Amino acid sequence: MSTQARERPSEAGEDAPQPAADVRLEGVRKSFGDVVAVDGVDLEIDQGEFFSLLGPSGSGKTTLLRIIAGFERPDDGTVWLADVDVTNKAPFDRDVNTVFQDYALFPHMSISENVEYGLKVKGVGKQERRSRAEEALQMVRLPGYGKRKPSQLSGGQRQRVALARAIVNRPRVLLLDEPLGALDLKLREEMQIELKRIQQEVGITFVYVTHDQEEALTMSDRLAVFNNGLIEQIAAPADVYERPATEFVAGFVGVSNVLEREGQRFVVRPEKIRILEQGEEPYAGAHVESGQVRDVVYVGMVTRYIVDLEAGGQLTVVRQNLETSSQDVLEARGAQVRLEWRPEQTYEIGERGQMEEDE
Amino acid sequence: METRSARIALRLATGFTLAFLYLPLAVIALYAFNQKRIQTWPISGLTLSWWQKAFHNPGVRDAVLRSVEAALGATLIAMVLGTLAALAVNRYRFFGRETISFLVILPIALPGIVTGMALNATFRTVFEPFGVSFGMFTIIVGHATFCIVVMYNNVLARLRRSAGSIEEASGDLGADTWQTFRYITLPLTKTALLAGGLLAFALSFDEVIVTTFTAGAVQTVPLWILQNLSRPNQLPIVNVVAVSLILLSAIPVYIASRIAQESGILRRR
């Protein structure tokens, strides 16, 4: 079954039973000495899904990926790959492949030897190996690079080779550990699109570890936000951004704009807030607060205003630089302003969300 | 002006250091071709006859064979044990890892005479009653104690330089432990094994102190030299053997350092 590229779950799924989750984690726990890296995680990742594990460094996302790959054994809990319990299986007994953060290409082998490696150790014949490796290199847009050594490639090219080396095996699940972390911004954005295209082409489930919220939002079908070894929220990108379940999620995915009014804590995204002009009437039903501009950050396309509110708290407001000049913008520092936003665009949050209630 | 004089001074100092290191060796080399049996300066003429005599001397031949045997044995043991220790220390984090690392390296810093007498006592009192007598076996074990360090250090340095995730990547791609060792670990440490092996061989080949304590009746080349140094009519042959030893030690060390250098440069020029 591992030799066929899987199809994405069909939209007309009425005749087929609900496709089994490709990856299912139950109560997974892992600590290193006194440090709890993963603190009881339940997770289901569907077939063909692009799923991101997002969180700051040390939040347990990489450890969880390594547990799925089989490099770490959980202290507690079960790992299922397509309904097979693989908790105690070695990495080479699992139908998953990993793209490592440092690529981990074999320096003494040529590019095609690198890509063919997984097929070679599984005893695939030379002819098939060669054609599949060439096909994989084609897919990552590196045809004809087979004879070179890893040291002769650029960082971005090595990254592609690492990807080709993994997908040539047509695994059930592909694990990616911050694969774009070492690339510069331009290349990273290019590779994000590229990765998404490849994932759609091969239809393999991608589990993608990243600390870059923008990356997770752009690429994922769904994502899990990690903090201190726990999942704070699992949802689609738009939901995570617009309806963060916890204060941590609100702050990590986007700007932490959390206010407390009348005992309610809520988040309002900076682009949803409008600065009212002198004497301008607010929208009907809008919530209006006044405050003082403490700082102005000019970022080219937009300007960020940090406003201290009279009723307490601080908000970041983003305004597109449509008609204001950078001169006007910077003069706003210290000015008294009125802010308005629609109550329906704020979202109430709990201290830690649902995870706390489980304990 | 100043840089010029500094440069000259540096050159002189370098020349002096080299002379200091190599003049005695040059003198020995010259005496190995001396016509007369007695060492007097200046030498009276050149001859190759001592080389011929040394070549046909049964004592010398035997000593060389024994030395090669001992060096091969010690290198082999060191290669297996030192490499395994390096793999373990590199791959696993376990209690006492740093201590083990220290204990493996320590023997090379210990005075040879201490190692020698300790081994001597152990062999004599613990192993001799079981039928292990002093000879080739005890020499090999004695030499292996410091050869292991060389192998261990060389292999560990190589392992530390290669990315830790490489072996994981191999396992991840479906290779079992043996395949990973064969296709990844071994090729990546091959040159370190070779360089370490050559150094270990050279170390063992000219070792005196530990050997005196563990050799019993067996005579290695250094022991043969020591014994014959005081015999005036053997002296020219001793010189020949000494010069051969210099060459024999220099070659492996040179090759080892070349290997170490080349494998450090992964990028092809």
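Throughout, protein chains are lettered first and strands after them, A, B, ... in sequence-line order, and every chain is numbered starting at 1. Keep in mind that this is a model prediction, so the values were computed, not measured.
For the side chain to side chain contact (heavy atoms under 4.5 Å, CB included) test with A/F92, the passing option among B/D172, B/D176, B/L173 is B/D176; the others fail.
How far CD of B/E168 is from CZ of A/R66: 4.0 Å, rounded to the nearest 0.5 Å. Note that CD1 of B/I166 is 10.0 Å distant from CZ of A/F100, once rounded to the nearest 0.5 Å. Within the model, atoms OG of B/S165 and CZ of A/F71 stand 8.5 Å from one another, a figure rounded to the nearest 0.5 Å.
Shown here is A/R197, whose CZ atom has more than 12 heavy atoms of other residues, nucleotides or ligands within 6.0 Å. By the neighbour-count criterion of 12 heavy atoms within 6.0 Å, atom CZ of A/F32 is densely surrounded, having more than that number from other residues, nucleotides or ligands.
Comparing A/L105, A/N97, A/L175 by how many heavy-atom pairs each has under 4.5 Å with chain B, the most go to A/N97.
Taking every heavy atom of both residues into account, A/Y117 and B/Q179 meet most closely at OH-O, 3.9 Å. Taking each heavy atom of A/H108 and B/P187 in turn, the nearest pair found is CD2-CB, 3.4 Å. Looking at every heavy atom in both residues, B/A169 comes nearest to A/R165 through CB-NH2, 3.5 Å.
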